[in-house]
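Along the sequence shown, residues are numbered consecutively beginning with 1. All values below come from the heavy atoms of this structure, side chains included, with hydrogens, waters and symmetry mates left out. Counting starts at 1 for both ligands and their atoms, in listed order.
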Amino acid sequence: MAFQNYTVAPLSKVQRLYDACDMVLSSAGMRMPATLGGIRWLQHLLDGMEAADVGIDDGEKPSLLDGDEPSLKSVGLLPAHGFTRITYVHIHQCRDFSIGVFCFPAGATLPLHDHPEMVVLSKLLYGSVRVRSYDWVKAPPSSSSPRKCGLARLVAADEVRRAPCETSVMFPRSGGNMHAFTAVTPCAILDVITPPYSEEHGRPSTYFNDVPIPSLPGFAFLEEVEMPQDLSVVGAPYLGPRIMVDMDDDDDDDDDFYDDHDDFYDEYGQ
Ligand SMILES: [Fe+2]
């Protein structure tokens, strides 16, 4: 019997990240907390990723692809340095996790916001960003008051992170679950969020003002505010390597969270 030679195309880094997320974070009908070992694996995979791996041109390298196989190639590259507003590149969302990239022009700020009951892994792909973050001293009950507020411990006090740096991890009660970003230079942050934001499941995004407490250095009082009027986040299409998705994933990938592609096309003519 003759055997034919088959070559198996290597997986793109974003496919490997998706597959690992699917393995570690998908509940498959029974919600189990992700293990710390699983989170560390995702952190390791994110550590090895660059902007080109998710179809973004950071303007740094002439060759932007992570392989020569057609399946690994992006269909194009987003010109991230041309962005004039915060731009969200949605890669994947299902019931258990989301993957996406926030691209910032220099000086743009994503105001202080929370990630209720979520684990967030953030990989700074390029550039520099100033981070301010807090954890609740005692998490405010979600239903006792019309607005969330409480005492919070400062975790990162306007700390500047510069790429390349390690992937950061925030847990529901530690690691800086409430954070604000200000781009020092144009920068991009690849986020894996588990579970994803969902108003329906009681995980809305809430914005806060932080009021320092002079008599208690390292702490602040956080009070919920409306989404700042001047916050503008537009959507851009994902142009990176195609991801093969697990069809049991209960994919609700409906692209409507920051799906303002028309704005993107108007602005960048793509
Ligand atoms: Fe965030």
>> Suppose we call two aromatic rings close when their centres sit under 6.0 Å apart. Are Tyr197 and His115 close by that rule?
In response: yes
> With distance as the sole test, does Arg161 use its side chain to make a donor-acceptor pair with the main-chain N or O of Arg130 at under 3.5 Å?
Replying inline: no
>> Please enumerate all residues that pass salt bridge (Lys or Arg N to Asp or Glu O under 4.0 Å) together with Arg173, with sequence neighbours excluded.
In response: Glu117
>> With a 3.5 Å distance limit and no angle check, can you tell me whether Glu159 reaches the backbone of Val131 through a side-chain donor-acceptor pair?
In response: no
>> Using the ring-ring contact (aromatic ring centres under 6.0 Å, His included) criterion, which residues pair with Phe208? Sequence neighbours excluded.
In response: Trp136
> How many protein N, O or S atoms sit closer than 2.8 Å to the Fe ion (ligand 1)?
Replying inline: 3
>> Could you work out, with salt bridge (Lys or Arg N to Asp or Glu O under 4.0 Å) as the rule, every residue matching Glu223, not counting sequence neighbours?
In response: none
